[in-house]
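First comes the structure, then the notes that go with it.
Values reported hereafter were calculated over all heavy atoms of this structure, with side chains retained and with hydrogens, waters and symmetry mates removed. Please read all numbers here as calculations on a predicted model, not as lab measurements. The first residue in the sequence is number 1, and the count goes up from there.
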Amino acid sequence: MKKVFILFIVLTIVLCGTTGCNKNKDQQKESKTIKFYYQDGTPALTVAKLAKENPIIDENITIEYEMQNSPDLLVSKILKEEADIAIVPSNLAAQAFNKDISYEIAGTSIWGSLYLVSTEDIKGFAGLKGKEIYTFGKGLTPDLVLNFILSENGIYLDKDVKITYLNAASEVGSAFIGGKTNLAVLAEPLLTTAMMKKSDAKVILDLNEEWSKAAGTEKGYPQASLIIKKDLIDNNRKFVEEFIKSYEESRKWASENPKELGEYAEVLGISVKKEILEKGITWINIESFNVKDSKEEYKAYYNAILDFAPDFIGGKIPNEGIYFER
């Protein structure tokens with residue numbers, strides 16, 4: 001009997017050496033690294049707390065936060081499916097989905113933050129007739145939003161207003177601050193910069209508010225969305241749920257702590273100047289993130305684009321599968 005017991009012990013030791021004796025499941029889990037891509041500027045600000053503090057959400061998953069300086073680089077990361085998580089223009093989310101690139105929208109990172117600004121006293125849409133508007137992003141969200149709002153209010157390109165396109169938002173900001181134009185579309189945080197440098201600058205139109213009126217939606221248009229690869233959702237659902245909570249906290253923290261945000265932005269190399277953030281800006285709407293509460297806004301946005309520039313969303317309205325249900 002004693003010999004049998006000893007043999008059992010020996011066999012147990014041998015088996016433990018080859019199989020690990022069914023170690024704790026967490027120890028058996030394969031380590032995974034995922035990529036989170038986002039663009040410099042406002043999207044990066046919503047991620048600042050996460051990127052700087054890099055909290056552990058799952059011991060077996062490492063998140064690499066990578067800021068992209070060029071919109072083209074970000075688009076490439078999505079179309080090549082190199083991103084596991086990303087913040088992208090909401091039209092790109094639809095475009096990828098319609099190309100059978102499996103990303104789902106988890107929520108709205110940034111609601112509309114475009115403004116028509118002038119040093120003139122312009123009253124209403126009628127006051128825009130005969131004017132020249134400087135803007136950026138020809139064929140992209142800023143262009144589509146401006147054109148949709150103007151046309152819905154009886155103002156038409158070439159006939160009523162002249163649109164001058166510059167290559168980047170920063171160029172429009174410089175042109176306005178430098179006096180080359182006195183009527184321009186500015187995105188936050190450039191709006192705050194312009195207001196600080198030009199005491200006679202004033203907001204003529206809040207394009208998010210005007211979109212709400214024209215499209216009949218409550219929150220405006222979803223400018224940028226948090227998207228997550230379907231494989232990650234299917235295989236790591238618990239992590240995804242926890243990550244979304246952490247991102248929501250980061251987004252909320254950013255809007256409520258401008259001074260600390262400025263310090264984080266400086267460390268992370270985000271191009272928005274620290275002093276601009278410390279002054280306080282209106283760049284983020286934290287009232288609604290969950291896509292479940294904003295489907296009507298997305299559908300209205302995609303419908304408007306389908307009528308105006310269908311290729312911008314891949315030629316059709318994405319179906320319900322694009323929305324991640326928590």
Task: Least distance between heavy atoms, L261 atom then A254 atom - done: CD2-O, 3.5 Å
Open item on the list: So does F312 get a backbone contact from the side chain of Q95, meaning a donor-acceptor N/O pair under 3.5 Å?
Closed with: yes
TODO: Answer yes or no: are there more than 12 heavy-atom neighbours, outside K273 itself, under 6.0 Å from its atom NZ?
DONE: no
Open item on the list: With a 3.5 Å distance limit and no angle check, can you tell me whether N98 reaches the backbone of I313 through a side-chain donor-acceptor pair?
Closed with: yes
Open item on the list: So does E209 get a backbone contact from the side chain of D206, meaning a donor-acceptor N/O pair under 3.5 Å?
Closed with: yes
- [ ] Search all heavy atoms of S109 against all heavy atoms of Y247 and return the closest pair with its distance.
- [x] OG-OH, 2.9 Å
Task: Sub-4.5 Å side-chain heavy-atom contact between L191 and V203 - done: yes
Task: Criterion ring pair (Phe, Tyr, Trp, His ring centres under 6.0 Å) on F148 and Y221, from CA distance to verdict - done: CA-CA 12 Å; F148 175 76; Y221 63 95; 9.7 Å; no
Task: Minimum heavy-atom distance between K35 and D84, given as atom pair plus value - done: N-OD2, 2.8 Å
Open item on the list: Please determine whether a side-chain nitrogen of the Lys or Arg among E241 and R237 lies less than 4.0 Å from a carboxylate oxygen of the Asp or Glu.
Closed with: yes
Task: Flag, side chain of T181 to backbone of F176, donor-acceptor distance under 3.5 Å - done: no
Open item on the list: Could you check whether any side-chain N or O of S174 sits under 3.5 Å from a backbone N or O of S170, counting only pairs where one atom can act as donor and the other as acceptor?
Closed with: yes
TODO: Return the orientation label for the Y65 and F36 ring planes: parallel under 30°, perpendicular over 60°, tilted otherwise.
DONE: tilted
Task: Taking every non-hydrogen atom, the tightest pair across A86 and I78 - done: CB-CD1, 3.6 Å
Open item on the list: Can you confirm whether I61 sits close enough to F243 that some side-chain heavy atom of one is under 4.5 Å from a side-chain heavy atom of the other?
Closed with: no
- [ ] Might you point out which heavy atoms bring P71 and Q39 nearest each other, and give the distance in Å?
- [x] CG-NE2, 3.3 Å
TODO: Test side chain to side chain contact (heavy atoms under 4.5 Å, CB included) on L190 and V172 and set out the steps.
DONE: CA-CA 9 Å; L190 276 173; V172 177; over 6 Å; no
Open item on the list: Quick check against the 3.5 Å criterion: does S113 have a side-chain atom that pairs as donor or acceptor with the backbone of A187?
Closed with: no
Open item on the list: Are L50 and P55 packed together at the side-chain level, in the sense that at least one heavy-atom pair is separated by less than 4.5 angstrom?
Closed with: yes
Task: E120 with K131: basic N within carboxylate O range, under 4.0 Å - done: yes
Open item on the list: Within the 4.5 Å heavy-atom criterion, are F136 and L114 side-chain neighbours or not?
Closed with: yes
Open item on the list: Can you confirm whether K230 is buried at NZ, in the sense that more than 12 heavy atoms of other residues, nucleotides or ligands lie under 6.0 Å from that atom?
Closed with: no
- [ ] Run the salt-bridge test on K213 and E210 with the 4.0 Å N-O cut-off and return the result as yes or no.
- [x] yes
- [ ] Ignoring hydrogens and angles, tell me if any N or O in the side chain of S102 forms a donor-acceptor pair with the backbone of D231 under 3.5 Å.
- [x] no
- [ ] Would you indicate whether the side-chain heavy atoms of L150 and D160 approach each other to under 4.5 Å?
- [x] no
TODO: Look at the rings of Y302 and Y298 and say which category their plane angle falls in: under 30° parallel, 30 to 60° tilted, over 60° perpendicular.
DONE: tilted
Task: Check against side-chain hydrogen bond (donor to acceptor under 3.5 Å, both in side chains), S225 and S90 - done: CA-CA 5 Å; S225 298; S90 299; 2.7 Å; yes
Task: NZ/K295: more than 12 non-hydrogen atoms of other groups inside 6.0 Å - done: yes
Open item on the list: Looking at every heavy atom in both A48 and L268, which two are closest together, and how far apart are they?
Closed with: O-CD1, 3.6 Å
Task: Other residues, nucleotides, ligands: >12 heavy atoms within 6.0 Å of E218 CD - done: no
TODO: Take V88 and Y37 through the side chain to side chain contact (heavy atoms under 4.5 Å, CB included) test and state the conclusion after the steps.
DONE: CA-CA 9 Å; V88 300; Y37 293 106; over 6 Å; no
Open item on the list: Looking at K180 and E171, is there a salt bridge between them, counting it only when a charged N and a carboxylate O are closer than 4.0 Å?
Closed with: no
Open item on the list: Evaluate Y323 against E104 for side chain to side chain contact (heavy atoms under 4.5 Å, CB included), listing each step before the verdict.
Closed with: CA-CA 5 Å; Y323 305 113; E104 295 182 14; over 6 Å; no
TODO: Could you name each residue pair satisfying salt bridge (charged side-chain N to carboxylate O under 4.0 Å, His left out) that touches residues 194-204, not counting sequence neighbours?
DONE: D121-K202
- [ ] Decide yes or no for L146 and I163: does some side-chain heavy atom of the first lie under 4.5 Å from some side-chain heavy atom of the second?
- [x] yes
TODO: Answer yes or no: is there a side-chain heavy-atom contact under 4.5 Å between I244 and F289?
DONE: yes
- [ ] Please report the C-alpha distance between E81 and K229 in whole Å, then the side-chain angles of each, then the deciding distance to 0.1 Å, and finally whether the salt bridge (charged side-chain N to carboxylate O under 4.0 Å, His left out) criterion is met.
- [x] CA-CA 8 Å; E81 299 187 68; K229 190 178 280 185; 5.1 Å; no
Open item on the list: Do K32 and F239 make a side-chain contact, defined as non-hydrogen atoms from C-beta onward lying under 4.5 Å apart?
Closed with: no
Open item on the list: Restricting to side chain to side chain contact (heavy atoms under 4.5 Å, CB included), what partner residues turn up for K238, sequence neighbours left out?
Closed with: none
Open item on the list: Any salt bridge linking K252 with E249? Criterion: basic side-chain nitrogen under 4.0 Å from a carboxylate oxygen.
Closed with: no
Open item on the list: Hydrogens and angles aside, do S294 and T108 bring a side-chain donor and acceptor to less than 3.5 Å of each other?
Closed with: no
Open item on the list: Quiz question: by atom type and distance under 3.5 Å, do the side chains of T217 and Y301 form a donor-acceptor pair?
Closed with: no
Open item on the list: Looking at K219, is its backbone amide N or carbonyl O close enough to the side chain of E297 to form a donor-acceptor pair, meaning the two atoms are under 3.5 Å apart?
Closed with: yes
TODO: Please work out which of the three classes, parallel, tilted or perpendicular, describes the rings of W253 and Y264, given edges at 30° and 60°.
DONE: tilted
Task: N91 side-chain N/O to T141 backbone N/O, donor-acceptor pair under 3.5 Å - done: no
Task: Residue pair T164, E132: steps toward the side-chain hydrogen bond (donor to acceptor under 3.5 Å, both in side chains) verdict - done: CA-CA 7 Å; T164 296; E132 180 181 13; 2.5 Å; yes
- [ ] Take E242 and D58 through the side chain to side chain contact (heavy atoms under 4.5 Å, CB included) test and state the conclusion after the steps.
- [x] CA-CA 9 Å; E242 290 302 315; D58 185 307; over 6 Å; no
